[in-house]
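The structure under discussion appears below in the form of structure tokens.
Numbering starts at 1 and runs along the sequence shown.
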Amino acid sequence: MDGKEKNTKHPALSKVLWSILFLAIAVVTIYIIVTQNRSFSFRDFLLYIKYSDFLPLLAAIICMFGFIIFEALAIRCACKPFDHKASIVNGITYSSADIYFSAITPSATGGQPASAYFMIRNGMSATAATAALLTNLMMYTLAIIVIGALSFIIAPKLFFSYDILPRVFIILGIIIQLGLAGFFMLMIKNEVFLNKICTGIINFLCTIKLCRNKEKWMNKINNVMSDYGECLKLIKTHKRMMVKLFVFNVLQRISLVSVTMFVYIAAFGWGSSVKVWAMQGFAIIGSNSVPIPGAMGVADYLMLSGFVQFMSEQAATNLELLSRSLSFYFCIILCGIWVLVSYLISRGRKKKC
């Protein structure tokens with residue numbers, strides 16, 4: 001076996017290992033939630049689903065699909081300055097790749113590269129794909145901050161009703177998202193900032209003898225940064241695109257938060273639906289305080305910490321499991337299937353050519 005064959009197998013093996021880790025954490029998380037609640041039974045959980053109103057559950061499922069579709073629209077929007085007219089099917093492939101690989105890799109590091117892979121296969125340059133995805137990532141981060149702010153506005157006293165640990169997660173999530181938003185803004189507004197980061201990494205790798213031929217790598221970075229700078233200039237001239245991009249990202253986050261609200265309405269009516277929406281908003285921003293896939297456990301913990309404040313532990317567990325299954329686990333499975341099918345189709349077309 002030559003070196004080239006070895007290199008092509010390592011990324012695939014890595015993806016499989018992260019998928020297994022994701023599955024293991026998901027199983028452990030659900031097991032902990034179920035076993036901690038002594039009154040929980042799968043029979044009662046199935047009855048909970050059976051007697052829930054159909055229309056709100058349907059609305060929750062639609063919101064789950066909205067989470068995927070709004071990101072697809074956002075990425076398509078980010079591609080337009082580069083004359084890359086992606087179809088809605090391609091947009092869903094880009095968003096599904098981002099959602100799936102973000103869920104199974106630490107700190108969501110695999111999402112953007114996976115999207116870029118499909119974008120490049122569809123004819124977009126690597127530099128343009130990077131600039132488009134970075135812009136979308138900044139708007140995604142700002143959208144999370146908006147959701148957190150809305151949660152505080154909708155239910156200002158709710159935050160203080162949590163115990164100390166949930167509040168710490170939420171505050172850390174806000175701080176981290178604000179820091180990330182500022183970091184992405186610097187990278188988009190000034191390519192010199194990104195150039196300094198890349199140069200610093202090369203210098204460090206050369207210092208510890210992991211990188212040779214420093215001049216060659218510096219020339220590559222300078223060439224890439226030149227193209228990246230041109231891409232940023234294109235993005236800056238499309239202000240309406242930036243506004244649409246932000247709106248799509250906010251709608252994507254609203255769709256995700258609304259899944260839990262509609263699952264609650266299906267079983268309990270409209271009574272505390274606004275409070276549930278705010279709690280889910282806090283759970284989203286709080287879960288961003290730790291790296292994925294560990295954030296799964298934090299999100300579940302924050303949701304349960306909120307729900308048990310105004311309903312029984314059994315009802316809170318049923319609500320959490322059903323809403324989380326729709327908004328996260330089922331969504332990830334759908335995205336994974338879509339990505340696999342898209343990859344096999346594109347690979348088959350390439351072989352025919």
Side-chain angles (χ1 to χ4, degrees), residues 25-61 63-64 67 147-148 150-152 154-170 173 253-290 294-332:
I25 292 174
V27 170
V28 170
T29 301
I30 293 172
Y31 175 78
I32 291 172
I33 291 170
V34 170
T35 54
Q36 279 187 341
N37 183 0
R38 295 178 181 178
S39 62
F40 177 85
S41 73
F42 280 104
R43 179 179 174 278
D44 290 340
F45 179 63
L46 293 175
L47 289 173
Y48 170 82
I49 298 173
K50 180 180 178 180
Y51 291 108
S52 293
D53 288 344
F54 173 74
L55 287 179
L57 283 181
L58 179 62
I61 294 170
C63 287
M64 183 273 293
F67 176 69
I147 294 299
L150 285 174
S151 296
F152 275 104
I154 291 171
K157 295 180 181 179
L158 186 61
F159 172 77
F160 298 101
S161 66
Y162 284 98
D163 292 332
I164 293 176
L165 186 57
R167 277 187 275 175
V168 169
F169 281 130
I170 293 167
R253 306 315 299 179
I254 288 174
S255 295
L256 181 63
V257 177
S258 298
V259 172
T260 304
M261 183 187 72
F262 282 116
V263 171
Y264 170 82
I265 292 169
F268 304 105
W270 289 86
S272 298
S273 57
V274 174
K275 185 186 289 187
V276 169
W277 196 97
M279 284 179 174
Q280 181 62 62
F282 283 133
I284 285 177
I285 200 160
S287 64
N288 280 276
S289 63
V290 295
M296 287 190 290
V298 175
D300 290 313
Y301 169 68
L302 289 173
M303 289 170 72
L304 283 172
S305 296
F307 297 155
V308 294
Q309 294 182 36
F310 62 98
M311 63 176 68
S312 68
E313 190 176 348
Q314 182 180 0
T317 303
N318 289 336
L319 173 60
E320 198 278 337
L321 281 178
L322 181 55
S323 60
R324 190 76 167 136
S325 297
L326 286 176
S327 66
F328 187 71
Y329 299 113
F330 186 54
C331 178
I332 298 304

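Every residue meeting the side-chain contact (heavy atoms from CB on, under 4.5 Å) condition with V274, not counting sequence neighbours, appears here in chain and number order: I154. Checked against side-chain contact (heavy atoms from CB on, under 4.5 Å), S273 has the following partners two or more places apart in sequence or in another chain: M261, Y264, I265, W270.
Annotation for S327 and M64: closest pair CA-CG, 4.3 Å, computed over non-hydrogen atoms. In this structure, K275 and L158 approach most closely via the heavy-atom pair O-CD2, 3.9 Å. The minimum heavy-atom distance between D300 and Y329, with the atom names listed, is OD2-OH, 3.7 Å. Heavy atoms only, all atoms of each residue included: A283 and A299 are closest at CB-O, 4.1 Å. Contact between A315 and M311 at its shortest, heavy atoms only, is C-SD, 3.7 Å. Nearest heavy-atom pair, S151 versus G281, reported as atom, atom and distance to 0.1 Å: OG-CA, 3.4 Å.
With contacts defined as side-chain heavy-atom distances shorter than 4.5 Å, the pair M303/M279 does not qualify. Using a 4.5 Å heavy-atom cutoff, the side chains of F262 and L58 are not in contact. Here the side chains of L165 and Y301 are in contact, with some heavy-atom distance below 4.5 Å. At least one side-chain heavy atom of S258 sits less than 4.5 Å from a side-chain heavy atom of W277. Here the side chains of F67 and R253 are in contact, with some heavy-atom distance below 4.5 Å. Side-chain contact check for V276 versus V263: every heavy-atom pair is 4.5 Å or farther apart. Looking at heavy atoms from C-beta onward, R167 lies out of side-chain contact with F282 at the 4.5 angstrom threshold. The closest side-chain heavy-atom distance from V259 to F328 is not below 4.5 Å.
Note that CG of L319 and OH of Y48 are 4.5 Å apart. Values are rounded to the nearest 0.5 Å. The distance from atom CG of L256 to atom CG of L326, rounded to the nearest 0.5 Å, is 11.0 Å. Atoms CD1 and CD1, on I285 and I147 in that order, are 9.0 Å from each other to the nearest 0.5 Å. Here E313 contributes atom CD and T317 contributes atom OG1; the two are 5.5 Å apart, rounded to the nearest 0.5 Å. Atom OG of S305 sits about 6.0 Å away from atom CG of L302, to the nearest 0.5 Å. We find the CD1-CZ distance between I61 and F54 to be 7.0 Å, quoted to the nearest 0.5 Å.
Taking the six-membered ring for Trp and thresholds of 30 and 60 degrees, F152 and F159 have ring planes inclined between 30 and 60 degrees apart.
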